[in-house]
Amino acid sequence: MSLTRFTALADSNNRTPIAIEEKGRRSDLFGNNVFNDKRMLQYLTKDALESVKNAISSGSKINRKIADQVAEAMKGWAISMGATHYTHWFQPLTGATAEKHDAFFDLLPDGTALEKFGGDQLVQQEPDASSFPSGGIRNTFEARGYTAWDPTSPAFIYGTTLCIPTIFVSYTGEALDNKAPLLRALAAVDEAATAVAKYFDKNVSKVNATLGWEQEYFLIDKALAHSRPDIVLTGRTLVGNFAAKGQQLDDHYFGVIPSRVLSFMSELEKECTKLGVPVKTRHNEVAPNQFELAPVFEEANLAVDHNLLLMDVMDKVADKHGFKVLFHEKPFAGINGSGKHNNWSLATDTGVNLLSPGSTPMKNLQFLTFFINTIKAVDRYEELLRSSIASASNDHRLGTNEAPPAIFSIFIGTQLSGVLDELEGVSKGKLSPQEKTELKLNVVGKIPEILLDNTDRNRTSPFAFTGNKFEMRGVGAKTNSAKPMTILNMIVAKQLQEFKKEVDALIDKKDLKKDEAVFNILREYIKTSKRIRFDGDGYSKEWENEAKKRKLSNNKNTPDALQVLTSKESLALFKATKVMSEVEVGARLEVELDTYILNIQIEGRVYNELVYGFIIPAAIAYQNKLIANVTGLKDIYGAAHKKFSEGQLAMIEEIGEHLVEIKKMTDAMTDARRRANVIIDSKKKSEAYCQNVKPYFDVIRTHSDKLEKLMDDKLWPLTKYRELLFIK
């Protein structure tokens with residue numbers, strides 16, 4: 001098998017950058033493959049255009065006649081762009097996207113061929129749902145699922161296929177995807193935030209949640225990646241001794257982008273631009289062969305769609321350039337993993353970012369209202385928010401190498417903490433004229449000046465305020481952002497609903513003025529949410545102990561983190577905001593637990609394959625070479641050979657010890673896996689995999705890595721870290 005490694009190294013060393021033609025402005029390419037406002041204006045009738053716009057802005061339904069017009073227009077445009085098929089593009093609970101292609105081609109009864117695509121095909125498709133995760137929602141005789149058009153996310157052409165973003169529901173109407181709950185959460189936060197925003201501006205009629213994701217990823221030469229069964233099957237290296245050099249010199253971060261990588265990035269950006277994905281930033285990340293890209297902020301639903309589309313495009317473009325993209329949160333031990341930082345804010349239809357201070361005390365009070373309510377929401381539902389980023393792969397990343405810990409806290413900086421401390425001292429009830437003046441001029445009024453130098457430097461904070469947005473850093477690189485965005489928008493919606501009720505009660509029953517009522521409620525929120533605010537080192541043992549005193553959750557593994565989903569409080573929240581029914585929540589818990597189980601199960605099986613198919617045979621082969629060497633020395637020198645073979649004998653013994661242990665641990669792990677497999681209950685089974693199977697992985701890895709260090713480099717069958725991470 002060593003031949004495979006060296007063949008891969010030769011292949012990678014022979015690659016050269018692919019020249020990418022860069023002509024014209026990116027702005028001229030932007031959205032060329034998207035049925036966007038420009039195309040709708042060109043292809044739709046006035047009535048159809050107005051109906052689609054209303055559906056996008058207010059969620060109104062599109063009638064059959066208009067749907068037929070839109071479908072005809074889409075078909076005409078798509079065919080003119082070279083499309084031959086259409087598909088409903090959706091997000092099943094697998095975490096990826098799915099699509100079933102149908103040709104525009106059809107036959108009339110008389111045998112005449114034509115291109116056909118009507119309103120029925122646009123609005124709804126019926127893909128078989130039997131093989132998608134459902135968490136027990138569907139029965140065998142109810143296998144059919146339905147996809148329904150989401151007009152808020154524009155259709156686009158990918159290759160020769162018209163892709164129509166859709167939701168995915170079961171035969172009985174429950175959501176089987178990640179998009180439907182997100183849309184419900186966005187509707188909830190729109191309604192709640194709009195009602196509160198009207199305190200400050202009566203002209204606000206809609207609030208959009210915005211999202212700017214940062215996508216981190218590794219680029220590994222395709223041949224090298226394919227030479228590693230663990231990378232192929234699990235997306236990460238299950239074994240591998242650390243390279244002598246890692247990221248300790250910080251020489252990769254923001255360094256010159258390697259030529260092959262730059263060619264890949266250029267083509268990726270070009271393809272993304274045509275698809276309407278507004279990619280803007282690209283750079284080397286901290287770890288060797290790790291990179292990042294980020295877009296311009298967009299409405300959250302569209303941003304989620306664009307991130308999923310981007311990941312698919314990245315895979316295809318990378319393959320063309322001889323690369324393999326690794327989205328796993330921790331593909332290599334000992335260096336930084338990859339996240340998908342979610343930068344979130346709220347924006348009004350009047351063009352105001354509600355998490356950005358303004359030029360007047362009233363605008364700053366508006367900022368404080370949404371700022372403090374968000375803090376309060378995260379404080380109240382921190383465990384639920386933690387559950388939204390839980391996965392087997394992200395468990396490896398959280399709490400290591402600059403990734404935030406599993407304990408949720410909020411970093412706001414010393415300046416804003418000072419502002420909240422002053423607001424905490426606001427008098428209860430009516431404010432005196434002097435206090436109003438002091439608050440407006442010296443506290444609220446100075447917020448813009450304070451934020452000028454309030455740059456966030458705490459890289460270990462899971463949830464940080466970064467000037468005009470909150471950054472949720474725990475989201476994993478593979479994760480569909482719809483999951484954390486659903487929870488975040490839902491909890492903020494619920495909090496804003498309660499805030500408005502409390503403010504209105506003070507205005508109506510206590511005869512307080514609006515700003516007095518707002519200050520009074522915010523004061524209480526500041527007091528009751530103090531435990532979630534933390535500006536220090538998230539890795540320290542002191543913080544872990546302090547967090548325990550503050551009664552913050554510390555769910556370090558996925559089975560523990562997911563249990564909050566079906567708590568009484570969580571189910572009441574999902575119901576109150578109309579984001580998910582109890583059946584839908586329960587189904588998601590089952591799917592997430594099953595996914596966790598299967599991921600650990602697959603990794604366990606790959607360990608078996610690596611140990612018995614690669615590591616043990618290679619180690620024995622090298623051990624035999626050493627034995628032959630010692631035997632030869634003995635033949636020549638007789639009893640005196642020991643002074644020449646002492647090192648070899650020690651190595652033979654050391655290899656033997658590791659061989660004994662690696663076989664013993666692998667067999668014990670296999671037995672533990674078999675015992676876990678007979679457990680029926682998903683919760684107990686996931687816990688068995690987490691507590692009884694997974695701990696063997698690190699032990700097996702330790703012995704494998706020791707053998708790698710001992711052995712002749714030419715005999716080690718698995719491509720090494722120094723090759724995976726430093727070959728450009």
Side-chain angles (χ1 to χ4, degrees), residues 18-45 48-49 52-53 55-56 69-90 97 99 101-104 115 117 121-122 149-166 210-213 215 262-282 293-321 325:
I18 297 174
I20 303 300
E21 187 177 357
E22 292 277 4
K23 284 187 177 180
R25 299 179 178 181
R26 286 284 171 88
S27 57
D28 293 333
L29 274 180
F30 186 70
N32 279 1
N33 289 0
V34 182
F35 197 68
N36 51 21
D37 288 354
K38 180 179 176 182
R39 303 296 182 291
M40 288 195 290
L41 189 62
Q42 181 181 356
Y43 281 88
L44 295 181
T45 65
L49 179 61
V52 173
K53 291 282 190 183
I56 293 171
Q69 291 182 33
V70 175
E72 188 63 32
M74 269 192 195
K75 182 190 74 174
W77 168 73
I79 290 173
S80 74
M81 295 288 290
T84 58
H85 290 69
Y86 67 91
T87 184
H88 277 200
W89 186 72
F90 58 102
T97 58
E99 52 197 63
H101 295 195
D102 284 308
F104 289 122
E115 277 71 36
F117 180 62
Q121 289 78 40
L122 169 63
W149 177 35
D150 169 22
T152 63
S153 186
F156 57 91
I157 293 173
Y158 191 26
T160 59
T161 304
L162 172 67
C163 299
I164 303 158
T166 58
T210 63
L211 170 62
W213 39 262
Q215 180 69 59
L262 190 59
S263 294
F264 156 78
M265 288 178 169
S266 296
E267 183 165 3
L268 173 65
E269 289 177 351
K270 189 175 180 181
E271 293 303 311
C272 285
T273 301
K274 289 190 289 186
L275 290 165
V277 183
V279 290
K280 185 175 178 67
T281 302
R282 65 189 187 195
L293 61 80
V296 176
F297 278 55
E298 299 180 282
E299 185 275 321
N301 178 45
L302 183 58
V304 167
D305 282 1
H306 278 165
N307 180 251
L308 292 169
L309 177 59
L310 166 98
M311 293 169 77
D312 189 50
V313 176
M314 285 178 78
D315 278 333
K316 288 181 170 61
V317 174
D319 187 71
K320 177 179 175 181
H321 286 257
V325 183

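Keep in mind that what you see is a predicted model, and the values were worked out from it rather than measured.
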Q | With sequence neighbours excluded, residues passing ring pair (Phe, Tyr, Trp, His ring centres under 6.0 Å) with Trp149 | A | none

**Q.** ring pair (Phe, Tyr, Trp, His ring centres under 6.0 Å) against Phe104, all qualifying residues, sequence neighbours excluded
**A.** Tyr86, Phe117

Q | Where at least one partner belongs to residues 28-37, residue pairs that pass side chain to side chain donor-acceptor pair (under 3.5 Å), sequence neighbours excluded | A | Asn36-Arg39, Asp37-Lys53

With sequence neighbours excluded, residues passing side-chain hydrogen bond (donor to acceptor under 3.5 Å, both in side chains) with [X]:
{"X": "Thr161", "answer": "His101"}
{"X": "Thr281", "answer": "none"}
{"X": "Lys274", "answer": "Glu271"}
{"X": "Lys320", "answer": "Glu267"}

Q: Mind running side chain to side chain contact (heavy atoms under 4.5 Å, CB included) on Leu162 and Met74 for me, showing each step along the way?
A: CA-CA 8 Å; Leu162 172 67; Met74 269 192 195; 4.2 Å; yes

(Q) Ignoring hydrogens, what is the shortest heavy-atom contact between Ile56 and Pro151? Give both atom names and the distance. (A) CG1-O, 3.3 Å

Q | Heavy-atom closest pair, residues Ile157 and Leu275 | A | O-CD2, 3.2 Å

Q.
So, taking the atom named NE2 in His321 and the one named NZ in Lys316, what distance separates them when rounded to the nearest 0.5 Å?
A. 14.5 Å

Run the side-chain donor-acceptor check on residues 75-83: report pairs under 3.5 Å with partners two or more places apart or on a different chain.
{"from": "Lys75", "atom 1": "NZ", "to": "Glu72", "atom 2": "OE2", "distance (Å)": "3.3"}
{"from": "Lys75", "atom 1": "NZ", "to": "Glu115", "atom 2": "O", "distance (Å)": "3.1"}
{"from": "Ser80", "atom 1": "OG", "to": "Trp77", "atom 2": "O", "distance (Å)": "2.5"}

Using modelled atom types and a 3.5 Å cut-off, is there a donor and acceptor pairing between side-chain atoms of [X] and backbone atoms of [Y]?
{"X": "His88", "Y": "Leu122", "answer": "yes"}
{"X": "Lys270", "Y": "Glu21", "answer": "yes"}
{"X": "Ser263", "Y": "Ile18", "answer": "yes"}

With sequence neighbours excluded, what pairs up with [X] under the side-chain contact (heavy atoms from CB on, under 4.5 Å) test?
{"X": "Asp315", "value": "Val325, Phe327"}
{"X": "Gln69", "value": "Thr45, Ala48, Lys65, Ile66"}
{"X": "Val279", "value": "Glu269, Cys272, Val277, Leu293, Leu310"}

Any side-chain heavy atom of [X] within less than 4.5 Å of one from [Y]?
{"X": "Leu302", "Y": "Thr152", "value": "no"}
{"X": "Leu262", "Y": "Arg282", "value": "yes"}
{"X": "Pro295", "Y": "His306", "value": "no"}

**Q.** Centroid separation Trp89 to Tyr158 less than 6.0 Å
**A.** no

Q: Any salt bridge (Lys or Arg N to Asp or Glu O under 4.0 Å) involving residues 155-166? Give me the pairs, sequence neighbours left out, ordered by first then second residue.
A: none

